[in-house]
Structures are given as C-alpha cells and as structure tokens.
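Given the structure is predicted, the values throughout are model-derived calculations rather than measurements.
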Amino acid sequence: MNKKHSLKENIPHGTSVTPIDGMEFRESFPNRFFVERHWHPEMEILYVDQGEFEVEIDLEQYHLRPGDFCFINSENLHQINGLSSPSHHYAFLFATEILDYSYHDILEEELIRPFVLRTKAVKHILSPKDDAYKHLAPLLHQMFTASLEQKKNWYLTCKLLLLQFLSTLSDTSYFQNADSLLTASERQKIDRYKSISSYIDEHYAENISLQDLADHVSCNSQYLCRMFREMTGTSPIQFLICRRIDFACILLKETTKSIMEISLDCGFDNVSYFIRKFRQVKACTPSQYRKQAF
C-alpha cells in the first residue's frame, strides 16, 4: 500500500530530531483548498489570513474566517474545505511527545502528561472576539514565524513557545478534559470509522464483504450501513469501491501495468466491472484517466 494515500496520514512532519512543521498555503481563483477527511498523531494549528474555510473535526463543522485559529488535537478526524478563493492560511504541526520529559515535576504531571496522553485537549476554535485571543495569538504567530523561517535555534524557540502556550491555555477555558469534547457514542462511532478506513487501506486488494467490515468493528451490518451513511453519505461497500479506485488511480499514474493487472491489484476480479465503477466515480475510463495524467 502507498502509505501517503492512507486516510491515516503517515507523512512525516518535520524530521525525527525536529518534529515540527510550519506550512503556508495560497490558493488563487478558481482553485479552492481542500484536504479530505484524515487523521494523524501530531497536533495541528491553523491560522486563516484570507478567505473562509469549513473545517470538520470529529464530525462537527466549524466555520473559519480571517483572524481565526483552529486547534486540531492529536488523532482528531478532520477535513478542511476552502469556501472562497483566493485564500491564504498557515498550518503548524508538532508531535506532542516533544514536550514530555522524564523529570516528573508539577508541570509534567498536571499539564504536559495529560496533554501528551490526550486526557486533556484544546478547544477547537479561537476567534478575535474571544477573551483569550489577546494572550494566545501573539504566541501562535511567533511559532508560525519561527517554524517557517527556521533561523538559528528556531526549534528551541518553538518548544519554549509551546510550553508557554500550554501554560496560558491552562489559565483559560480552552484547555479541557478530552472526554468533554465528545460523547461516548460519538467517540465509538469515530473510532469505528477510523478502524474500518485503516482496515480497508491495508486490505483493499482482498475479497472484503460487508460482514467482514462489520465483524472488524464488532457491530452488525445494519448498524454499520446506517453509521457510514450518516458519516459519509454512502454505504461501506461504496466507500470500499471508492478507496480501491483511489489506489487504482495511483497505479495508473505511477506504473505501466495493464488495466487488467491494476483491476486485480485493487480488488476487482472482473475488469469490466472495474471499468464501469471507475467511470461512475471518475467520469472517465481508466485508460482516459491515464492519458490525462501525462
């Protein structure tokens, strides 16, 4: 499997010795920014400079406007959709473990460890109208600048700012018990979705039935179908087909394999059925898609 196309994002952010990544994104008309639903172990902080965005975090929708920050906690299921063009925003990602250290003082026990172990989480949206904004925004802007410019000692600067950020959060309502952000049933639903997504990404080439998916997350097939339609607007089997076609697209672009070989590699044992489903999803045949990719 090509890991970079997994819904569980495995793309490294930063390096093993400096696991912090600052990014800047600009989109010009008619393009709009879009990142499909995924999750990753790093915490992600967004800042909107221009344009408007809709961010889905653990199935809840949030509308971002210029000046807003968005906090996507570690392992949050999320999707980012630009609503306007042009747009300009920043992202700052970091491995929460970098704040952990072995000496268990009061800071470690009451602030850092709960954050690293995800028993504490950051409230998702910070807007200019919020009281905490004037205290948190300057720290966040310094982190974005340091991570993007990467001048001497930038990594140390970012770590110190992150500790100050956590300290400031602890004095506000923005640092909360993680359980307060989701109900038990919502957490179970999200965990099941993530588990099935990962299972499909690992086994898409195999013969997978609806019952296989239901058994994988210990529920009945009727419940699984209802849950998936609620979360994705489609059935689990159609979701599987679309993921298979996603991986077929990768092979069409990156290999010279025949259409039949790709069909079999992606779990379709009938090439005619593969071509028909591919056309339904991509509005073109696999051969046409390959020609357009070059």
Side-chain angles (χ1 to χ4, degrees), residues 13-14 18-25 41-55 57-58 60-76 78 80 87-101 103 105-182:
H13 294 286
T18 57
I20 288 176
D21 199 5
M23 294 176 282
E24 182 178 10
F25 300 93
E42 298 88 358
M43 181 175 182
E44 182 172 1
I45 305 173
L46 304 177
Y47 174 71
V48 179
D49 181 60
Q50 182 182 16
E52 297 188 14
F53 295 80
E54 184 177 73
V55 180
I57 305 175
D58 283 343
E60 291 290 328
Q61 304 293 328
Y62 300 92
H63 193 95
L64 301 183
R65 297 177 175 82
D68 287 347
F69 291 93
C70 179
F71 304 112
I72 302 169
N73 293 292
S74 172
E75 300 291 340
N76 277 168
H78 60 285
I80 307 169
S87 67
H88 180 210
H89 75 283
Y90 297 89
F92 178 90
L93 293 94
F94 66 97
T96 58
E97 293 83 358
I98 66 172
L99 300 179
D100 206 1
Y101 55 94
Y103 192 88
D105 59 11
I106 190 170
L107 178 64
E108 172 76 4
E109 293 298 324
E110 296 186 2
L111 189 62
I112 295 174
R113 290 296 290 168
F115 179 63
V116 172
L117 295 175
R118 301 197 295 276
T119 58
K120 290 278 191 179
V122 185
K123 191 176 175 181
H124 294 305
I125 305 298
L126 177 68
S127 297
K129 66 179 185 299
D130 298 320
D131 292 339
Y133 192 91
K134 63 183 178 182
H135 303 292
L136 293 171
L139 298 174
L140 294 166
H141 283 304
Q142 290 179 66
M143 283 191 282
F144 281 113
T145 299
S147 64
L148 286 167
E149 294 182 351
Q150 295 195 5
K151 295 179 179 178
K152 186 178 180 181
N153 293 327
W154 72 270
Y155 182 71
L156 174 60
T157 298
C158 285
K159 284 193 69 168
L160 293 173
L161 288 166
L162 280 168
L163 288 170
Q164 191 175 352
F165 169 67
L166 279 185
S167 176
T168 306
L169 279 176
S170 69
D171 296 329
T172 72
S173 61
Y174 274 81
F175 205 44
Q176 302 177 331
N177 290 327
D179 289 344
S180 69
L181 300 178
L182 286 173

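Without hydrogens or angle criteria, Asp100 side chain to Glu97 main chain gives no donor-acceptor distance under 3.5 Å. When atom types are taken as modelled, the side chain of Asp130 and the backbone of Ala132 share no donor-acceptor pair closer than 3.5 angstrom. Listed for the Ser74 side chain is a donor-acceptor partner under 3.5 Å among the backbone atoms of Pro41. Remark: side-chain polar atoms of Tyr90 are not paired, donor with acceptor, to backbone N or O of Ile45 under 3.5 angstrom. The main-chain N or O of Gln142 is never found under 3.5 Å from a side-chain atom of Thr145 such that the two would form a donor-acceptor pair.
Taking CG of Leu126 as the start and CG of Asp68 as the end, the distance is 8.0 Å to the nearest 0.5 Å. Between the CG atom in Asn153 and the NZ atom in Lys159 there is a gap of 13.0 Å [rounded to 0.5 Å]. With rounding to the nearest 0.5 angstrom, the OH atom of Tyr155 is 4.0 Å from the CD1 atom of Ile98. Separation of atoms OG1 (Thr168) and CG (Leu140) is listed at 9.5 Å; rounding is to 0.5 Å. Between the CG atom of Leu166 and the NZ atom of Lys120 there is a distance of 11.5 Å, given to the nearest 0.5 Å. Atom CE of Met43 and atom OG1 of Thr96 lie 9.5 Å apart (nearest 0.5 Å).
Glu42 and Ala95 get closest at one heavy-atom pair: CG-N, 4.0 Å. Between Leu169 and Phe175 the shortest heavy-atom distance is O-CB, 3.5 Å. Contact detail for Glu24 and Leu148: the closest heavy-atom pair is N-CD2, 4.2 Å. Here the closest non-hydrogen pair linking Glu110 and Pro114 is O-CG, 3.7 Å. Of all heavy-atom pairs between Gly22 and Ser147, the closest is CA-OG, 3.4 Å. Contact detail for Ala91 and Phe144: the closest heavy-atom pair is C-CE2, 3.5 Å.
In this structure, the salt bridge (Lys or Arg N to Asp or Glu O under 4.0 Å) partners of Asp58, at least two apart in sequence or on a different chain, are Arg187.
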Evaluate the ring-ring contact (aromatic ring centres under 6.0 Å, His included) criterion for residues Phe165 and Phe94: first the C-alpha distance (whole Å), next the side-chain angles of each, then the deciding distance (0.1 Å), finally the verdict.
CA-CA 13 Å; Phe165 169 67; Phe94 66 97; 7.7 Å; no
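Sorted by first and then second residue, the pairs that involve residues 107-133 and meet ring pair (Phe, Tyr, Trp, His ring centres under 6.0 Å), not counting sequence neighbours, are Tyr62-His124, Phe69-Tyr133.
Considering only heavy atoms from C-beta on, Ile20 comes within 4.5 Å of Trp154 through its side chain. Residues Glu108 and Tyr101 form a side-chain contact, since some pair of their non-hydrogen atoms from C-beta on lies under 4.5 Å apart. The shortest side-chain heavy-atom distance between Phe92 and Cys158 falls under the 4.5 Å cut-off. Ile80 places a side-chain heavy atom less than 4.5 Å from the side chain of Glu44.
The 12-atom threshold is exceeded at CG of Asn177, counting heavy atoms of other residues, nucleotides or ligands nearer than 6.0 Å.
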